[in-house]
There are 2 protein chains.
Amino acid sequence: MNHQRPQKKTTIYDLAELAGTSASAVSAVLNGNWKKRRISSQLADKITKIAEEQGYAVNMQASLLRRDKSRIIGMLVPKYDNRYFGSIVETFEIMARERGLFPIITCTLRNPELEVEAARTMLSYQVEWLISTGATDPDRITDLCLAGGARSLNLDLPGSKATSIISDNFGGARELTRRTLLNLQRKKGALLPLLFIGGRGADHNTAERIRGFRTAHQDLGVTIEEHHILACGYAPEKAADALNALVTSEGSVPAGLFVNSTISLEGVMRWLKSSPMGIDSQPVIGCFDWDPFVALMGHEIEMARQDVAGMLNAVFDIVESGDSGDRKLIEIQPIFA
Amino acid sequence: MNHQRPQKKTTIYDLAELAGTSASAVSAVLNGNWKKRRISSQLADKITKIAEEQGYAVNMQASLLRRDKSRIIGMLVPKYDNRYFGSIVETFEIMARERGLFPIITCTLRNPELEVEAARTMLSYQVEWLISTGATDPDRITDLCLAGGARSLNLDLPGSKATSIISDNFGGARELTRRTLLNLQRKKGALLPLLFIGGRGADHNTAERIRGFRTAHQDLGVTIEEHHILACGYAPEKAADALNALVTSEGSVPAGLFVNSTISLEGVMRWLKSSPMGIDSQPVIGCFDWDPFVALMGHEIEMARQDVAGMLNAVFDIVESGDSGDRKLIEIQPIFA
DNA sequence: CTGCACTGCTCAATCGATGAAGCAAGAATT
DNA sequence: AATTCTTGCTTCATCGATTGAGCAGTGCAG
């Protein structure tokens with residue numbers, strides 16, 4: 001048996017006693033403003049040394065209670081299961097730390113109730129800012145923040161009550177569609193309309209991407225089949241089901257696909273793999289989102305990679321300027337390989 | 001201009017004034033032990049209603065300062081850029097919340113200094129437990145926790161000073177190797193030794209997987225080529241470089257590969273795609289880790305999927321039993337499709 | 001009519017860190 | 001010698017929530 005009982009925590013009072021001084025001197029030394037408070041450098045050195053020996057760490061709860069700013073920044077994110085959100089979270093943490101902020105992240109599993117509960121918890125922890133990423137009801141969260149003394153921003157999906165930073169979904173989809181149409185022309189020798197699959201018709205991003213999809217077809221003079229716009233949801237199975245239904249009613253699938261996320265693409269690829277169609281009749285694909293393995297799959301798949309660093313730079317510009325002034329919609333161009 | 005100045009935060013004193021009662025009654029009501037404190041249900045209802053109207057949220061900093069347990073559980077994770085860690089983080093959050101714990105997660109980018117700094121910060125936030133996932137120096141973190149009044153566990157990579165929960169790397173690699181050898185035999189009609197690629201030879205997991213790799217070859221009476229064990233690091237480029245070097249010195253690559261992570265696999269696949277070898281001479285692959293798109297790639301790739309839920313159940317069993325007693329090594333069997 | 005139990009609350013100390021205000025002793029100025 | 005200034009600290013109130021102790025008022029037994 002090896003009892004690893006963690007020790008009782010050291011406080012500034014313990015350090016003060018060890019150093020034969022007062023807690024307030026210790027506090028002044030440890031947060032670096034001992035010059036302002038006219039503490040001698042001998043005492044400062046002594047206290048610093050003792051603090052190190054004792055492995056002292058401030059009690060943030062006590063410290064933050066006293067201060068007026070928490071320097072905590074929260075983020076709500078739907079899932080960690082794809083490269084887009086993974087990259088958002090990782091970049092967010094790095095950028096927050098670079099600015100001396102402490103990031104807290106929570107995933108809400110696309111569950112509206114969890115979103116609200118998580119937001120409340122974040123407010124309890126005194127976040128100064130709350131970034132709602134891909135939230136189902138961002139305005140609800142903005143209201144909570146407003147009542148709870150925090151500022152809020154929306155990322156990825158826009159809301160109407162706070163500034164929103166999103167991809168240029170229209171422009172990105174238009175370009176992705178254009179590229180995919182040309183890839184298809186190269187392969188088949190003709191301009192043929194694409195199938196749009198994945199996403200929720202009700203959400204802003206999907207609506208804008210469908211608009212870009214339409215515009216790109218128009219640009220090239222291609223007529224869209226209206227029943228080939230399938231905003232069937234994001235889950236992989238939904239995409240597979242939608243393709244099955246299409247084959248049942250029409251006997252085949254278009255030669256080119258616009259897939260609305262890597263999550264949907266997972267369903268599409270699974271379906272294609274098990275489909276009765278021959279390998280050489282595999283469709284040309286464009287995907288709105290990026291994944292490294294997709295880039296390596298047999299198919300040449302065109303991908304629109306959302307500019308995560310660009311979006312988060314915009315977020316932190318606002319956070320640092322402290323300007324939650326008027327609610328803007330900031331659109332960031334996606335990147336093409 | 002739309003000044004979204006967040007309001008000053010409501011405290012229990014504000015609520016007490018509004019309800020014409022004392023802060024202590026408000027506190028008792030809001031944390032649900034008003035029965036114990038003999039508050040009438042009329043007053044309880046009144047306070048609850050007012051709190052809701054005001055959008056009150058406790059100040060956790062103040063609350064935690066007073067309580068003895070923080071119910072905060074921290075996790076250090078190297079990256080968010082693959083399905084394994086993504087799944088660990090997501091499952092960790094869910095399980096923590098189910099148990100009334102507040103999870104804080106930080107990624108350390110495989111940077112030893114960041115690991116230590118992040119651990120210190122977590123201690124400042126009064127975590128009760130700190131889970132080090134894939135840490136480069138888990139024992140250092142355990143020491144910090146011990147000094148700082150927290151308990152610690154290691155996940156994914158073991159340490160010597162705290163209980164560690166890891167995959168059964170030996171058993172998993174042995175089974176994965178066996179399956180890959182048989183796949184290769186099915187394809188080529190003969191038992192041929194595999195190439196091991198990826199990971200760091202110095203880390204426990206890679207060493208154990210190499211041991212499993214050897215044992216599986218022995219089991220089937222296949223002789224390993226010693227210079228075909230390439231623990232070249234995890235980054236994709238490292239794997240590609242190692243393969244290039246091999247081709248330069250030997251002119252070709254073995255017909256079967258054991259790839260030590262999806263990250264390394266990314267490099268391997270990239271290299272294969274651009275390699276001069278014909279498509280039908282693509283090697284048979286086994287990968288220690290899982291990714292949904294890999295499962296869909298043209299190749300039949302055998303994958304050992306680490307049992308994230310199983311590992312985290314073991315973590316929370318220990319957390320809940322409060323038993324950091326003796327340091328054990330708990331190994332969880334990976335899952336084969 | 002006194003004593004005791006019970007109900008329904010309030011008071012005040014406390015958690016640890018912070019910083020404005022103040023104090024004592026020596027140095028410098030008049 | 002009397003005064004101001006400067007240095008180097010300490011004291012104490014404060015942040016918001018929690019909780020043991022205590023206090024009025026009512027009900028009921030003896």
Side-chain angles (χ1 to χ4, degrees), chain A residues 7-47 51 54-72 121 123-128 148-149, chain B residues 7-47 51 54-72 102 121 123-126 128 148-149:
Chain A
Q7 293 149 33
K8 184 106 196 311
K9 275 160 196 161
T10 312
T11 71
I12 51 169
Y13 297 93
D14 302 329
L15 298 181
E17 194 157 322
L18 286 169
T21 181
S22 71
S24 119
V26 174
S27 168
V29 169
L30 295 182
N31 56 90
N33 50 10
W34 52 279
K35 290 219 158 162
K36 252 172 266 171
R37 312 262 331 256
R38 298 189 312 227
I39 306 288
S40 67
S41 51
Q42 290 111 289
L43 183 55
D45 289 349
K46 187 175 176 189
I47 289 174
Q54 301 294 314
Y56 172 80
V58 273
N59 182 326
M60 274 297 171
Q61 259 72 54
S63 178
L64 293 180
L65 177 58
R66 193 65 227 292
R67 298 152 105 88
D68 51 339
K69 323 225 83 191
S70 70
R71 311 240 76 201
I72 297 179
T121 309
L123 290 173
S124 282
Y125 280 90
Q126 312 299 107
V127 294
E128 291 182 32
Chain B
Q7 292 149 34
K8 185 104 194 315
K9 274 160 198 164
T10 311
T11 71
I12 50 170
Y13 298 93
D14 302 330
L15 298 181
E17 195 158 321
L18 285 170
T21 180
S22 71
S24 106
V26 174
S27 169
V29 168
L30 294 183
N31 55 99
N33 51 10
W34 51 279
K35 290 219 159 162
K36 251 172 267 170
R37 306 220 49 188
R38 298 191 310 227
I39 306 287
S40 66
S41 50
Q42 288 110 292
L43 183 56
D45 289 349
K46 187 176 178 187
I47 290 175
Q54 301 293 314
Y56 173 80
V58 265
N59 181 325
M60 274 297 170
Q61 262 76 53
S63 177
L64 293 182
L65 177 57
R66 193 61 227 288
R67 296 150 107 88
D68 51 339
K69 323 225 83 189
S70 70
R71 312 240 74 199
I72 298 179
F102 184 74
T121 308
L123 290 173
S124 282
Y125 280 90
Q126 311 299 106
E128 290 181 34

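Side-chain atoms are counted along with the backbone in the values below, which use heavy atoms only and exclude waters and symmetry mates. Chain A is the first sequence line, chain B the second, and so forth, proteins listed ahead of strands; every chain is numbered from 1.
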Side-chain donor/acceptor contact of Ser24(B) with base of dC11(C) under 3.5 Å: yes
dA17(D) phosphate, OP1 or OP2, under 4.0 Å from Ser27(B) side-chain N/O: no
Comparing Ser22(B) and Arg67(B) on DNA chain C - which has the more 5′ nearest nucleotide: Ser22(B)
Asn59(B) side chain near dC15(D) phosphate (N/O to OP1/OP2, under 4.0 Å): no
Rounded distance (Å) that lies between atom P of dG16(D) and atom CD of Glu17(B): 14 Å
Reported OG1-to-CD distance for the pair Thr11(B) and Gln54(B), which is rounded to 0.5 angstrom: 10.5 Å
Any donor-acceptor N/O pair under 3.5 Å between dT14(C) base and Arg66(B) side chain: yes
For the student: nearest non-hydrogen atoms of Ile12(A) and Tyr56(A), plus distance: CG2-OH, 3.4 Å
Value in whole Å for how far the P atom of dA17(C) lies from NZ of Lys9(A): 11 Å
Distance below 4.0 Å between Ser63(B) side-chain N/O and dT18(D) OP1 or OP2: yes
Donor-acceptor pair present, Arg37(A) side chain and dG19(C) base, under 3.5 Å: yes
Short side-chain to backbone donor-acceptor contact, Lys69(B) and Glu128(B), under 3.5 Å: no
Residue mapping more 5' on DNA chain C - nearest nucleotide basis, Tyr13(A) or Arg38(B): Arg38(B)
Met60(A) CE to dG16(D) C1', straight-line distance once rounded to whole Å: 18 Å
Sugar-phosphate only, base, or nothing, as touched by Ser40(B) at under 4.0 Å among non-hydrogen atoms: sugar-phosphate
Sugar-phosphate only, base, or nothing, as touched by Leu43(A) at under 4.0 Å among non-hydrogen atoms: sugar-phosphate
Residue-phosphate contact under 4.0 Å: Tyr56(A) side-chain N/O, dA17(C) OP1/OP2: yes
Whole-Å distance separating the CD1 atom of Ile39(A) from the C1' atom of dC9(D): 6 Å
Nearest to side-chain heavy atoms of Ala25(B), which nucleotide of dA17(C), dG16(D), dT10(C): dT10(C)
Nearest-angstrom distance from the residue atom CG of Leu65(A) to P of dT14(D): 13 Å
Among dC9(D), dT19(D), dC9(C), the nucleotide that comes nearest once only the side chain of Asn33(B) is considered: dT19(D)
Length of the CD-P vector between Gln61(B) and dG16(C), whole Å: 15 Å
Ile39(B) side, atom CD1; Ser22(B) side, atom OG - distance, nearest 0.5 Å: 7.0 Å
Atom-to-atom span, NZ of Lys35(A) to C1' of dT7(D) - whole angstrom: 14 Å
Protein-nucleotide distance (Lys36(B), atom NZ; dG20(D), atom P), rounded to Å: 10 Å
Rounded distance [0.5 Å steps], CG in Leu65(A) versus CD in Gln126(A): 8.5 Å
Side-chain N,O (Thr21(A)) to OP1/OP2 (dT10(D)) below 4.0 Å: yes
Euclidean distance, Thr21(B) OG1 relative to Ile47(B) CD1, rounded to 0.5 Å: 5.0 Å
Sugar-phosphate only, base, or nothing, as touched by Asp68(A) at under 4.0 Å among non-hydrogen atoms: nothing
